[in-house]
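One structure is given below, encoded as structure tokens.
Each chain gets a letter, A, B and so on, in the order the sequences are listed, and its residues count up from 1.
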Amino acid sequence: MDNAEIAAHLEQLADLSEIAGENPFKVRAYRAAAARIRDLPTPVQELLREGGLEALEQLPGIGERIATKIVQLLETGEIEALRKLRERVPVGLLDVLAIEGVGPKKARAFWQQLGITNVDELERAARAGKLRTLPGMGERSERKILAAIERWRAHQGRYLLPDAEADMRRVLAAIRETGDAHRLEAAGSLRRRRETIGDLDVLVSASRSDRIMEAVRALSREVLGLGETRAAVVLRSGMHCDVRVVDDRSWGSALHYFTGSKAHSVALRGLARSQGLTINEYGVFRLREDGTAGERIAGDEEPEVFLALGLDYIPPELRENRGEIEAAAAGTLPVLIERADVCGDLHVHTTWSDGRESIETMARAAIERGHRYIAITDHSARLAMTGGLDAKRLREQWREIEAAQRSVGDAIRLLRGIEVDILEDGTLDMPADALAELDVVVASVHSHFGQDLETMTARLLRAIESGRVDILGHPTGRLLLRRDPYAFDPERVFAAAKAAGVALEINASPLRLDLSDTLAKAAHEAGCALVISTDAHHPTHLDFLRYGVDVARRGWCERRHVLNTEPDPERLLARLHEGHR
DNA sequence: GCCGTTTTCGGCCCGACTGTTTTCAGTCG
Ligand SMILES: Nc1nc2c(ncn2[C@H]2C[C@H](O)[C@@H](COP(=O)(O)OP(=O)(O)OP(=O)(O)O)O2)c(=O)[nH]1
Ligand SMILES: [Mg+2]
Ligand SMILES: [Mg+2]
Ligand SMILES: [Zn+2]
């Protein structure tokens, strides 16, 4: 059972406990534990094997009770407390809880007072006008729930970054168009550069909000809520969008609030309380004896919020309550890598396999982007559907690389590379002598994703220890929103990569983002080198670098952790080859 | 259920909007 599944069990425990009327703080503890497990780079199974129950209890937010539940889950396949809860509370209510506007109290009331146990029954009851018999519910409530059920049925889930960015540009343009916005900025998960985006959150400062709200309404196909300072709408794309309007004085604290994450804000606000302060979206205030907010001491600009608490400024990408507040207090936050630090791209495809453009076209596109070097890394033969290269065609490609190099001049260095398949048994899909003549060998898994953890780990280790591999490409094999990562033990893989001097790729394709933020962090903390590569199959894909830098920043990476921040290609190659060639 | 440069008991973030309410609970950001 992988960490995502364990987290899902804890989430379910939280949801059902909540409907059952449990203490909300206990429910929150389950949710916090679920988040912690989901963020864990190492499979819990491996953690337990090495450190036992104590290793689990070491994790913040996981104590004796939850640790025991997790062990129980891994040993027996279920959590006793969850099994009992499922006997008592209909599991169909989990869907009811997912309906917007329905929380634990209403779900419970539907169930206890109307015998509703799932969404279909809720829909029938709403149509039959039965919900209005409940206290605090009327005809409008029924209509609202029916609309929410429709959205739930159509529900599109989360979005990839480029799709969210495209809609965000439209929203920002429309708000700007009103001329009433003094400042405006994308907030929420998009500002934090999370790997997928649930909805758009936009902060605006203005002295009047009516025309801004009207502009947002005009973009939407459905209005979920509309007040003086907040609007919640469904855009025509189906994406949800929340707009918050504040006045200029509140900009900093409002931006902090709306950027989140929720877990970060809750932790920061808790720290403020312990310092006799209180934070809301309007500022940082001294806390009076009676518990109300007193003198305002900060909040015009975002950095003041941190400063007021004695903290270093925490960049949005780090605001996930993963230790950033403690690091900011200790002055040990990383100096995060930036896009301008990256000097080249080490994973580029061309028409020699499944890329869309020639070597020279890709080279010129890279020059336009200021790159000092790119590695031409087409697929090896095993990936037949991509027209992958065998040793003979690989050697032919070198002549074209040389020709392209002469043609584009010395503005950029074209490196001979390959993305060689790691075959089922961990051997490489190319003879060793051919690989030895290359500048850059990226090795990746493209088949047999279903191997168990031990088999896949051994397969990756064999490739890493071959002495022929410089970079492990898209190390988990995941496709965002489409394919889960394959099972393997990152700890052993990272240890082997460090020992062999093999770098780990942060694949910057927004369909992949692989390594993920948490794994990238674990990798450099394990002493591994990283590279950020686009896996470009088209000139415009070279711009994916931004997304890779986002991941690196979310993974606490500094410039020194990423090899392709080296401007000089010869020095870069020396670093890439170090330890195994 | 977790946690502790105040603490091993008693806190645990804080406010906008909605619907139904005559003063607020529930839900959500
Ligand atoms: N203080 C506080 N802020 C919250 C709470 N819930 C949400 N926020 C803030 C922080 C969030 O980043 C921001 C936007 O809320 P969203 O629900 O859209 O979450 P976010 O954008 O982080 O993730 P998403 O990708 O949309 O799921 O609002 C909360 O319970 N308390
Ligand atoms: Mg959001
Ligand atoms: Mg939102
Ligand atoms: Zn690949």
Problem - Side-chain ion pair, A:Arg49 and A:Glu46, N-O less than 4.0 Å - result: yes
Exercise for the section: Scan residues 71-100 of chain A against DNA chain B and write down, sorted by residue number, each residue with any heavy atom closer than 4.0 Å; if none is found, say none. Expected result: A:Ile99, A:Glu100
Problem - Flag if over 12 foreign heavy atoms under 6.0 Å of CD, A:Glu177 - result: no
Practice task
Test salt bridge (charged side-chain N to carboxylate O under 4.0 Å, His left out) on A:Arg183 and A:Asp247 and set out the steps.
Solution key: CA-CA 9 Å; A:Arg183 300 171 81 168; A:Asp247 48 53; over 6 Å; no
Handout entry: Integer angstrom distance from the P of B:dG1 to that of B:dT5
Key = 23 Å
Handout entry: Rounded P spacing from B:dT8 to B:dG15 in Å
Key = 29 Å
Problem - Rounded distance in Å - CD1 (A:Ile19) to C1' (B:dT27) - result: 14 Å
Exercise for the section: Could you work out the separation of B:dC14 and B:dC9 based on their C1' atoms and round it to a whole Å? Expected result: 24 Å
Practice task
Using a strict cut-off of less than 4.0 Å between a Lys/Arg side-chain nitrogen and an Asp/Glu carboxylate oxygen, indicate whether A:Glu165 and A:Arg169 qualify as a salt bridge.
Solution key: no
Handout entry: Salt-bridge criterion met for A:Arg546 and A:Asp550 (N-O under 4.0 Å)
Key = yes
Problem - Selection: residues 102-117 of chain A, any non-hydrogen atom under 4.0 Å of DNA chain B - result: A:Val102, A:Gly103, A:Pro104, A:Lys105, A:Lys106
Exercise for the section: Starting from P on B:dT18, measure out to CD on A:Glu228 and report it in whole angstrom. Expected result: 11 Å
Exercise for the section: Between B:dG19, B:dG1, B:dC17, spot the one nearest the side chain of A:Lys144, thanks. Expected result: B:dG19
Problem - Nearest-nucleotide 5' precedence on DNA chain B, A:Ala231 against A:Pro60 - result: A:Pro60
Practice task
Count the heavy atoms of every other residue, nucleotide or ligand shown that sit under 6.0 Å from CD of A:Glu5, and state whether that count exceeds 12.
Solution key: yes
Exercise for the section: For atom CD of A:Glu228, decide whether the heavy atoms of other residues, nucleotides or ligands shown that lie under 6.0 angstrom number more than 12. Expected result: no
Handout entry: Ion pair check, A:Glu121 and A:Arg124, cut-off under 4.0 Å
Key = no
Practice task
State whether A:Arg38 and A:Glu11 are salt-bridged, where the test is any N-O pair (Lys NZ or Arg NE/NH1/NH2 against Asp/Glu carboxylate O) under 4.0 Å.
Solution key: yes
Practice task
Would you mind reporting whether A:Trp251 and A:Leu203 have side-chain heavy atoms less than 4.5 Å apart?
Solution key: yes
Practice task
Please report, rounded to the nearest Å, how far the C1' atom of B:dG15 is from the CG atom of A:Asp242.
Solution key: 14 Å
Handout entry: Crowding at CZ, A:Arg221 (>12 non-hydrogen neighbours, <6.0 Å)
Key = yes
Completion exercise
Comparing A:Leu224 with A:Ala232, nearest DNA chain B nucleotide closer to 5' gives the residue A:Leu224
Handout entry: More than 12 heavy atoms of other groups within 6.0 Å of A:Glu525 CD
Key = yes
Handout entry: Distance between C1' atoms of B:dT20 and B:dT27 (Å, rounded)
Key = 15 Å
Handout entry: Distance between C1' atoms of B:dT18 and B:dG11 (Å, rounded)
Key = 30 Å
Handout entry: Heavy-atom check, side chain of A:Arg191 versus side chain of A:Arg319, under 4.5 Å
Key = yes
Practice task
Strictly below 4.0 Å, heavy-atom distances to any atom of DNA chain B: list the hits from residues 148-168 of chain A, or just say none.
Solution key: none
Practice task
For B:dG1, give its Watson-Crick or G-U wobble partner with both distances under 3.5 Å, or none.
Solution key: B:dC12
Exercise for the section: For atom CZ of A:Arg482, decide whether the heavy atoms of other residues, nucleotides or ligands shown that lie under 6.0 angstrom number more than 12. Expected result: no
Handout entry: Nucleotide B:dC3, atom P - distance to CD of A:Glu64 in whole Å
Key = 12 Å
Fill in the blank from the handout: Here the ring pair (Phe, Tyr, Trp, His ring centres under 6.0 Å) pairs for residues 292-313 of chain A, sequence neighbours left out, are A:His256-A:Phe306, A:Phe306-A:Tyr313
Tabulated below should be each protein N or O lying under 3.5 Å from an N or O of nucleotides 20-22 of chain B; please produce it.
from   : atom 1 : to       : atom 2 : distance (Å)
B:dT20 : OP1    : A:Gly138 : N      : 2.4
B:dT20 : OP1    : A:Gly138 : O      : 3.4
B:dT20 : OP1    : A:Glu139 : N      : 3.4
B:dT20 : OP1    : A:Ser141 : OG     : 3.0

Problem - Spacing of the C1' atoms in B:dC12 and B:dT7 (rounded, Å) - result: 13 Å
Practice task
For residues A:Glu195 and A:Arg478, determine if any side-chain heavy atom of one lies less than 4.5 Å from a side-chain heavy atom of the other.
Solution key: yes
Practice task
Answer yes when A:Arg36 and A:Asp39 have at least one side-chain N-carboxylate O distance shorter than 4.0 Å, and no when they do not.
Solution key: no
Practice task
May I have the distance from A:Arg36 (atom CZ) to B:dG1 (atom P), rounded to whole angstrom?
Solution key: 19 Å
Practice task
Using a strict cut-off of less than 4.0 Å between a Lys/Arg side-chain nitrogen and an Asp/Glu carboxylate oxygen, indicate whether A:Glu78 and A:Lys69 qualify as a salt bridge.
Solution key: no
Practice task
Please measure how far the P atom in B:dG4 lies from the corresponding atom in B:dA16, and state the result in whole Å.
Solution key: 32 Å
Completion exercise
From CZ of A:Arg244 across to C1' of B:dC28 the rounded distance in Å is 12 Å
Can you tabulate the close N/O pairs, meaning under 3.5 Å, that link protein atoms to atoms of nucleotides 11-14 of chain B?
from   : atom 1 : to       : atom 2 : distance (Å)
B:dC12 : O3'    : A:Arg28  : NH1    : 3.3
B:dC13 : OP1    : A:Arg28  : NH1    : 3.0
B:dC13 : OP1    : A:Arg28  : NH2    : 2.4
B:dC13 : OP2    : A:Arg28  : NH1    : 3.0
B:dC13 : O2     : A:Arg269 : NH1    : 2.7
B:dC14 : OP1    : A:Arg273 : NH1    : 2.8
B:dC14 : OP1    : A:Thr278 : OG1    : 2.6
B:dC14 : OP2    : A:Arg273 : NH1    : 3.1
B:dC14 : O4'    : A:Arg269 : NH1    : 3.0

Completion exercise
Rounded to whole Å, the CZ-P distance (A:Phe258 to B:dC28) equals 15 Å
Fill in the blank from the handout: A:Ile145 CD1 to B:dT18 P, in whole Å, measures 16 Å
